Each structure stands twice: as C-alpha cells, then as structure tokens.
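Heads up, the thing below is written out as structure tokens.
In this text the structure is predicted, and so the values were computed from the model without any measurement. The first residue of the sequence shown is numbered 1, and numbering continues consecutively from there.
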Amino acid sequence: MKKSDAVTKGVQQAPHRSLFNALGLTKEEMERPLVGIVSSYNEIVPGHMNIDKIVNAVKMGVAMAGGTPIVFPAIAVCDGIAMGHVGMKYSLVTRDLIADSTECMALAHQFDALVMVPNCDKNVPGLLMAAARVNVPTVFVSGGPMLAGKVKGCKTSLSSMFEAVGSYAAGTMTMEDLEEFEAKACPTCGSCSGMYTANSMNCLTEALGMGLRGNGTIPAVYSDRIKLAKHAGMKVMELLEKNIRPRDIMTKEAFENALTVDMALGCSTNSMLHLPAIAHECGIDINLEMANEISARTPNLCHLAPAGHTYIEELNEAGGVYAVMNELNKKGLLHTDLMTATAKTVGENIEGCVNKDENVIRPIENPYSEVGGIAVLKGNLAPDTAVVKRSAVVPEMLVHEGPARVFDCEEDAIAAIKGGKIVAGDVVVIRYEGPKGGPGMREMLNPTSAIAGMGLGSSVALITDGRFSGASRGASIGHVSPEAAVGGPIALVEEGDIIKIDINANTLDMDVSDEELERRRANWKPREPKITTGYLARYASLVTSGNKGAILEHK
C-alpha cells in the first residue's frame, strides 16, 4: 500500500480524486506514486534563480522512472542581501519555517516520496530537518555553486566584495576599483563560490548520504547539474521501491562522517548550528565537544575561499566531496558501511574517486594541518562553548590576548571599526546578537570584513554570541554560549577586560576573577526584548542558545 492511497484510493477518497482531477491529473497519474518536489525557486536569491530548471529536470527523472511529480514551494533568504540590517534577523529563523512548512505540505498531501531542491544557507538544513520529520524516501539535489568572479586577473568572490568595502573605507581602494569588484565578484547564478555556508551544507549533504555525487560541487551553470537533477528524480523511485528512508541514512555514524568531512573541507562555522539541529530531528544528540574529538584526528585537507584562493568549481574538478572522503578513508576515518541516497553504501560510493588535484585537495599524508578546520572553545567567557573556523585564522592569531572593546549591537561595532577606533591587539566583543538577544543570531560578515579591509585581520579578534557568515575569515569566534540575553558571561565583559584566546588549546577566557564575575552577575539585569511582536518574538521565546544548534524547544 502506498502512502498516497490515503488520498487516491477507495470510495471515501472520491472527493480527493475530484480535486486531483481539478489539477489535471489523469487516472494513470493518480495510480502511480506521488512524489513531492520541494522547489526553492525564487527571483531574489542568486542561488535560487536557476532552480526552476533543476525542478523541471527532477520532474522528468521522476516521470521516466514511473512516478508522478508534483511541485510545491519552500522559501529562502539571501544572506548577502539580508546582511548588515534588520533583514539578517530573518535569516536563521527561516530554517524552522522551511522545516515546518515542508512537513505540513508533505503530510497534508500524503506524498510517497520527496525530492528536495534547496541551495542557500538555511534552505538546506531546513529541508534536511523536514526530511527527518516526514521520513519518506527522499533525495536532495541543490541548485549548485556560482562560478568565481575575476577581477584584475584574479579569481574572487562575495567575501572579497565585502572586504573591498572595508578597503575603500580605509582609503586603500579607489571608488573605480570598488565598482569593478561590484560588477564582477558574483558573475553567475548559484550559491556564492567559496566554502561559505550554502556550499558547506550542500557538500555535507553528500557526506551525510542524502545527496548524489556532485550535489555540493557541480557549478549551477553546468549541464551536468541538469543531468544530476534527472538522476535524483530517478533515484528517489529506487529508494521508494527499496523503502530506504532519511532516518535509515541519517544515523549517528552518518553525522560522525559529516563532521569528519566538515573538518577536512574547512566548512563554515554555521555547520555547528545546523548539524546538531538536523540530528535533533533524527532523535540523535550531537554534543559540540564531539567536534573537537573528531577534529583532533581529522586533518584539514582544503583551504577554499575565504581560507584560501581556490573555489568550489576547483573542488569539483579535483574530484569533489567523494575524493575528499576517499582521502579520509585511507586512514580509516569514515564509517563506510552506511546506506545512502544512492541506494549504495558510503564505501561503494567513494571507491575509485581519486584526488585529481593535490593543490586543491591535499593528500592525507600532507595536510594543511593535522587537525580539522573548526574548533570548539570553552572557558569562563564561554562555559557552554564557542566556535571558530580555525582553518581561516592566520597562525599569529591562533593564540591572542588583548583588551575587550565592547559593543551591544553590530552597528555600533561597525561604526567604531570604520571610524578607526579599533587598533591592533584589540578584541572586539559584540553581544546581545544571539538567538534570543538578536533575536535571530545575525551573521557578522560586515564587521569581520571591515576588520580585514582595514588591514587588521592579523591583529584583531572578534567575539560574539551571534554568528558568522562562511565568508568571514580571521579570529572570528561566534556562538558564544550562554548568550548575553540569558545572562551568559559575555554579558558581564567590561571595556578593557583582558580576553585570552588559545585556539590550539580550545580555550576562551577573560582575565577576571570569579569573585568579580559574581559581583557583576549580581548587578546584571535582563534587557527588554528588542522585538515584541510577530514571528521573531515567537522565535525568541522558544529558541535555545547556539551550543544546542539554536533549536526551538517546545514548552
């Protein structure tokens, strides 16, 4: 019996069939499995403007394999366009809206299987969360990454564009050069071209086993992306036949694989929000300290932008995610017997997937570092945890000590940085930007880019209970938990306190005695919520701190 029989079979379902007739479905189509195709197409996000073509290819694949494809939508926010204003409060929060609305659509209409077509930052984890909840056979195929831009003969991307604004503010770039960056940094449709959050999550979808080979790396403008979409449509019918479901694929061991690949690739720190949230929907608890355990044994093999000067298109040419996994498997770092959305095991998928460019994917015998690209820090400033993209930190900032420059919102920090009030050695602290305090946990790409653009990237650290874009680089430490809004120690930092950062030792402390911290804590008072109406107010009342993945707790 098919799940869709609940709406297509029997006398009681005659009214339901009348509505399918209104859609123009034939009797033959109603007798086939109904496959929901979740389309994230829109005309405001560059990573989504091509998804209509991907969806049409998926529909063809489903139909060729004997299913009836039916499309319904999912929203998506462009983090780049939302950056630096109130819109960024509405980025992370869409992850739960996407999961909730997709769950509603899939179960209300009793689809037998799903093909998810996401691309950008919250869209991918939101649909993975929905896949875990609905738990019908599901395949992912993303819209694909953007090609890198080219300015003055050098490849570039969105992170360079944000840093160019800082360079212009510092007087080291002309308006003409800034305008050239503006015209050329983002040359095609697709998710922005570095190892930012969207591409991180699309690559990790492969590592989790929920996407086919090339999901994270085949450029959006390549015809191979259309072929991949057709294969995804065909493959979901095989998964339906074999009854292979998301929770059969997304096991605890699969998340360990994803964390391992995360460390090797040097993914965005946002993966430390999204992987725990997806795992939570699967009934699996990921403690962030697991990340350090995995990092300790996983070498960092890739320095993709913004950590280095290679881009997703080059990772694709080098063999993609499977080539990285094959390198990791040389040291037995992966669980290879796990089922995936290819209907084959991890081991079968990566067999023979060789590294074609050792300048893009370092051999495991010659990594960039013996430890992974992300570090989880703890200390009296972050008792629960904080997160940093270690692979994007210059060596001289792995250990840093300096005076706190304290700001209670992103805008004040940016004004100080661009006003020349931040100097070498400082530690910029931006608080009350966490999941509750923001609300919505804004990304701090503008201040990190301003720091880099002002020439301070190798001498100034930034610490926040907010988060960072995958495009951020430098000693950018986010997700400080507990956050300021709930009285975490970051709320107690005062101007001039000495902050001690040791990324090698995974520690983050302020040089303030326990007695003084207790005195400050006794005087601390919760702040009035910044927003008291609408979705953000509801979100703030339910959301946890970053160390738990900013999931919503039902009360």
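By the salt bridge (charged side-chain N to carboxylate O under 4.0 Å, His left out) test, Arg390 pairs with no residue at all, sequence neighbours left out. Not counting sequence neighbours, Asp357 has no partner by the salt bridge (charged side-chain N to carboxylate O under 4.0 Å, His left out) test. For Glu411, the salt bridge (charged side-chain N to carboxylate O under 4.0 Å, His left out) partners are Arg442, not counting sequence neighbours. The side-chain contact (heavy atoms from CB on, under 4.5 Å) check on Val394 picks up Glu396, Met397, Ser458, with sequence neighbours excluded. Listed by chain and number, the residues in a ring pair (Phe, Tyr, Trp, His ring centres under 6.0 Å) with Phe72 are Phe111 (sequence neighbours excluded). Not a single salt bridge (charged side-chain N to carboxylate O under 4.0 Å, His left out) links Lys421 to another residue, sequence neighbours left out.
The side chain to side chain donor-acceptor pair (under 3.5 Å) pairs that include a residue from residues 164-173 number zero, where partners must be two or more places apart or lie in different chains. Identified under the side chain to side chain donor-acceptor pair (under 3.5 Å) test for residues 201-211, with sequence neighbours left out: Asn119-Asn202. Here side chain to side chain donor-acceptor pair (under 3.5 Å) pairs that include residues 185-196, with residues two or more places apart or in two chains, are Ser157-Tyr196, Ser159-Tyr196, Ser191-Asn199. Pairs passing the salt bridge (charged side-chain N to carboxylate O under 4.0 Å, His left out) check and including a residue from residues 39-53, sequence neighbours excluded, do not occur.
The closest donor-acceptor contact from the side chain of Ser481 to the backbone of Glu483 lies at 3.5 Å or more, if one exists at all.
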Distance-only donor-acceptor pairs under 3.5 Å for side chains of residues 139-151, two or more places apart:
{"from": "Ser142", "atom 1": "OG", "to": "Gly144", "atom 2": "N", "distance (Å)": "3.3"}
{"from": "Ser142", "atom 1": "OG", "to": "Asn215", "atom 2": "O", "distance (Å)": "2.8"}
{"from": "Ser142", "atom 1": "OG", "to": "Arg225", "atom 2": "NH1", "distance (Å)": "3.1"}

Return all side-chain donor-acceptor pairs below 3.5 angstrom for residues 73-81, not counting sequence neighbours, or 'none' if the list is empty.
{"from": "Asp79", "atom 1": "OD1", "to": "Ser91", "atom 2": "OG", "distance (Å)": "2.7"}
{"from": "Asp79", "atom 1": "OD2", "to": "Ser91", "atom 2": "OG", "distance (Å)": "3.2"}
{"from": "Asp79", "atom 1": "OD2", "to": "Lys122", "atom 2": "NZ", "distance (Å)": "2.7"}

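Cation-pi contact between Arg362 and Tyr368: present, with separation from the ring centre below 6.0 Å and deviation from the ring axis of at most 45°.
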